[in-house]
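Right, one structure below, let's go through it.
Keep in mind the model is a prediction, meaning the values are calculated, not measured. We count ligands from 1, going down the list as the structure has it; atoms in each ligand are counted the same way.
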Amino acid sequence: MPPADNVMEKLVSLAKRRGFVFQSSEIYGGLGSVWDYGPLGVELKKNIKERWWRSMVHEREDIEGLDAAILMHPKVWEASGHVAGFTDPLVDCKQCKNRFRADDPRLKGPPGDPNTKCPVCGNKGTLTAPRMFNLMFKTFMGPVEEQAAMIYLLPETAQGSYVNYLNVLQSSRQKIPFGIAQIGKAFRNEITPGNFIFRTREFEQMEMQFFVKPGSDGEWFEFWRAERLKWLQGLGIRAERLRWHQHGKDELAHYAKDAYDIEYEFPFGWQEFEGIHNRTDFDLSRHQEHSGKKLEYVDTATNERFVPYVIETSAGADRTALVVMCDAYHEDDVEGEKRVVLRFRPSLAPLKAAVFPLVNKDGMPELARKLYDALRGQFNVFYDDGGSIGRRYRRQDEAGTPFGITVDGQSTQDGTVTVRDRDTLKQDRVDSGRLVDYLRDKLAG
Ligand code: GAP
């Protein structure tokens, strides 16, 4: 493997070259820490989200899906504690006007101290004392831009599940314990965003809120920790690059009694990409208080009334996609030549196969096209007749396409094709009539 610091650079460049991720509004110089997903990236992220949804909503009878709006009543964010507490301490340089987080490692010395230097312009004593800065994006609803019309873009999808908790409970006729799952956009005006799609200002979350009886929360917390790890292992992520980090008292979010991060060893170090949180009855109690609506659960068997506790599993779809990309990135040596390959688990790969005519003559393109048309209805496949076959294989290796199907001279005689395996580089000769079954078998899992 190449040195770690190089890998991110190479991955960002591959992501652009092959159409995974582009900088937002690039032709205007880009928009800070906002990224767009290209043709392959959108498929990869969609495959991850679909897998999550299947395991959370379709395969479980005790979890319901929800898609709450991004714009919510501003009181939601007062009740949730985000207006008062979703803040980072910031420092300004009065000279060069740059802004930093107060814990920015480049700051040598306490901000506000006359001897502390600005890490950008180098002037001494120009940094202000830390001031709190709210990370929520604000906008206005309706025609008048005034304080009363101010609303926020949601910084987590969780609150949509809390304010709809009764609606979902009553309409689905679930009983506690049960959960609400959502996949949706979230926005945070991060001050030190960076590391490609790791920390961005607009991102997607895959969150599930599991409502339980107080007292059973510890057990469910452990249950969901185990389930989430199992799910991640199902993505094919190397176990030695995953670890748990339990939040210390000073790290816990304002709503949490206990929290574990799942961390991945990215090329830039160990970082969180999913969290399991015991949010107690904090959110529902606060919404009950602020809305004046009772959010108690009545256990009809025992007549007990209680505000449920919530165990939350919260994953970033973009960070999970970055984990999958980093974990898949390999550089091989094939017969003395360097090969860059993304070894995605086949079920996650954006393209499942590519179809190539060996040469553009002797009936091969016609046959290859026919095969491509037949496969397209079943799988996301790609047709490529440009350049040498070696170059076409390399392009698909970089895209992470697990199978390369080549139509050659023999194909026009007996209807067989070669299927090259991205990882072993072995080629099978397969009857083209059996291709769909052959691929389906290989893509399972
Ligand atoms: N509802 C709880 C919650 O939002 P969080 O730890 O703040 O918890 C959960 O965020 C997940 O959302 C993170 O583990 C990460 O994957 C993703 N996430 C958070 N902020 C992000 C950002 N600025 N850019 C990309 N993903 C982010």
request  = Below 4.0 angstrom from a heavy atom of Glu190, which ligand 1 atoms are there? Numbered from 1 as shown, please.
outcome  = 20 (N), 22 (C), 23 (N)
query = So does Lys426 pair up with Asp421, basic N to acidic O under 4.0 Å?
reply = no
ask   = Which atoms of ligand 1 are found less than 4.0 Å from any heavy atom of Glu156?
value = 1 (N), 2 (C), 3 (C), 4 (O)
key: Per-residue contact class, Glu272 against ligand 1 - non-hydrogen pairs under 4.0 Å   = side chain
task = For the pair Asp281 and Arg286, find out whether any cationic side-chain nitrogen is under 4.0 Å from an anionic carboxylate oxygen.
result = no
key: Pairing of Glu204 and Lys185 as salt bridge, 4.0 angstrom limit   = no
Atoms of ligand 1, numbered as shown, that sit under 4.0 Å from any heavy atom of Tyr255 = 2 (C), 3 (C), 8 (O)
message = Heavy atoms only, cut-off 4.0 Å: how does Arg279 contact ligand 1, side chain, backbone, both, or neither?
response = side chain
ask   = What are the atoms of ligand 1, with element, lying closer than 4.0 Å to any heavy atom of Glu207?
value = 1 (N), 2 (C), 3 (C), 4 (O)
ask   = When the ring planes of Tyr393 and Phe356 are compared, do they come out parallel, tilted or perpendicular, using 30° and 60° as the limits?
value = perpendicular
Numbering as shown, the atoms of ligand 1 that approach Thr200 to under 4.0 Å (heavy-atom distance) = 22 (C), 23 (N), 24 (N), 25 (C)
key: Nearest neighbour in protein (non-hydrogen) for atom 15 (C) of ligand 1   = Arg319 NH1, 3.5 Å
Polar atom proximity, Ile197 to ligand 1 (N or O, under 3.5 Å) = no
inquiry  = Any salt bridge linking Arg238 with Asp327? Criterion: basic side-chain nitrogen under 4.0 Å from a carboxylate oxygen.
reply    = yes
salt_bridge(Arg395, Glu398) N-O dist < 4.0 Å = no
inquiry  = When you compare the side chains of Glu64 and Gln174, does any donor N or O come within less than 3.5 Å of an acceptor on the partner?
reply    = yes
Heavy-atom neighbours of Gln147 CD exceed 12 at 6.0 Å = no
note = re atom 8 (O) of ligand 1, the protein heavy-atom contact at minimum distance is His277 CE1, 3.6 Å
task = Considering heavy atoms of the protein only, find what lies nearest to atom 17 (C) of ligand 1 and give residue, atom and distance to 0.1 Å.
result = Gly316 CA, 3.8 Å
Arg201 to ligand 1, any heavy atom closer than 4.0 Å = no
query = Under a 4.0 Å N-O cut-off, is there an ion pair linking Asp299 with Arg305?
reply = no
ask   = Would Met206 count as a contact of ligand 1 if the rule is a heavy atom under 4.0 Å away?
value = no
ask   = With a cut-off of 4.0 Å, which atoms of ligand 1 are near a heavy atom of Glu312?
value = 1 (N), 2 (C)
